[in-house]
Amino acid sequence: MEEPEMQLKGKKVTDKFTESVYVLANEPSVALYRLQEHVRRSLPELAQHKADMQRWEEQSQGAIYTVEYACSAVKNLVDSSVYFRSVEGLLKQAISIRDHMNAATQGHSPRKPPPPSV
């Protein structure tokens, strides 16, 4: 082969090699650029989702507190049934005494009131 032809082939090989090295050297920066683009596009939506989730969490915590408070109130009502029965007995006794007193003031012989229950 002739010298100029060899030089041409050598130049082509070195040019291809240089181009390959250049592409390899710049490839990470292209990947990082694409990653940066993706983050820039996705970040506002992700931030909105985060804000929505925090708002829903606050609302859920409020609802949970309300339900727990309502359950506590119902439990206290159930526990106070003893006191309601006591009040009911006292009211019946008071009504009976009132009837006895009304009958006594009208001159009738009333039936005997039940003994007081404590």
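- Here the straight-line distance linking atom SG of C71 with atom CG of N76 works out to 11.0 Å at 0.5 Å rounding.
- In this structure, the separation between CD1 on I95 and NE2 on H100 is 16.0 Å, given to the nearest 0.5 Å.
- Nearest heavy-atom pair across S81 and V78 is OG-O, 3.0 Å.
- Q61 and Y65 form no side-chain donor-acceptor contact under 3.5 Å, judged by distance and modelled atom types alone.
- Atom CD1 in I97 sits 14.5 Å away from atom NZ in K92 (nearest 0.5 Å).
- Between the side chain of S60 and the main chain of W56, a donor-acceptor pair closer than 3.5 Å is present.
- Considering OG of S86 and CG of L91, their distance stands at 9.5 Å, rounded to 0.5 Å.
- Counting heavy atoms from C-beta outward, Q7 and K11 have side chains that stay 4.5 Å or more apart.
- For R55, the CZ atom is densely surrounded, since the number of other residues' heavy atoms within 6.0 Å is greater than 12.
- Side chains of Q48 and D52: a donor-acceptor N/O pair is present below 3.5 angstrom, by distance only.
- Put simply, the side chain of H49 reaches to within 4.5 Å of the side chain of E45, judged on heavy atoms.
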Query raised in the report: Given K50 and L46, is the side chain to side chain contact (heavy atoms under 4.5 Å, CB included) satisfied, shown in steps?
Result: CA-CA 6 Å; K50 180 182 177 185; L46 289 174; over 6 Å; no
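- In summary, R34 and E37 engage in a salt bridge, as defined by a charged side-chain N under 4.0 Å from a carboxylate O.
- A donor-acceptor distance shorter than 3.5 angstrom exists from the side chain of S80 to the backbone of L77, with no hydrogens or angles considered.
- We find the CG-NE2 distance between L43 and H38 to be 10.0 Å, quoted to the nearest 0.5 Å.
- A donor-acceptor pair is defined here as one N or O able to donate and one able to accept, closer than 3.5 Å; such a pair exists between the side chain of T18 and the backbone of T14.
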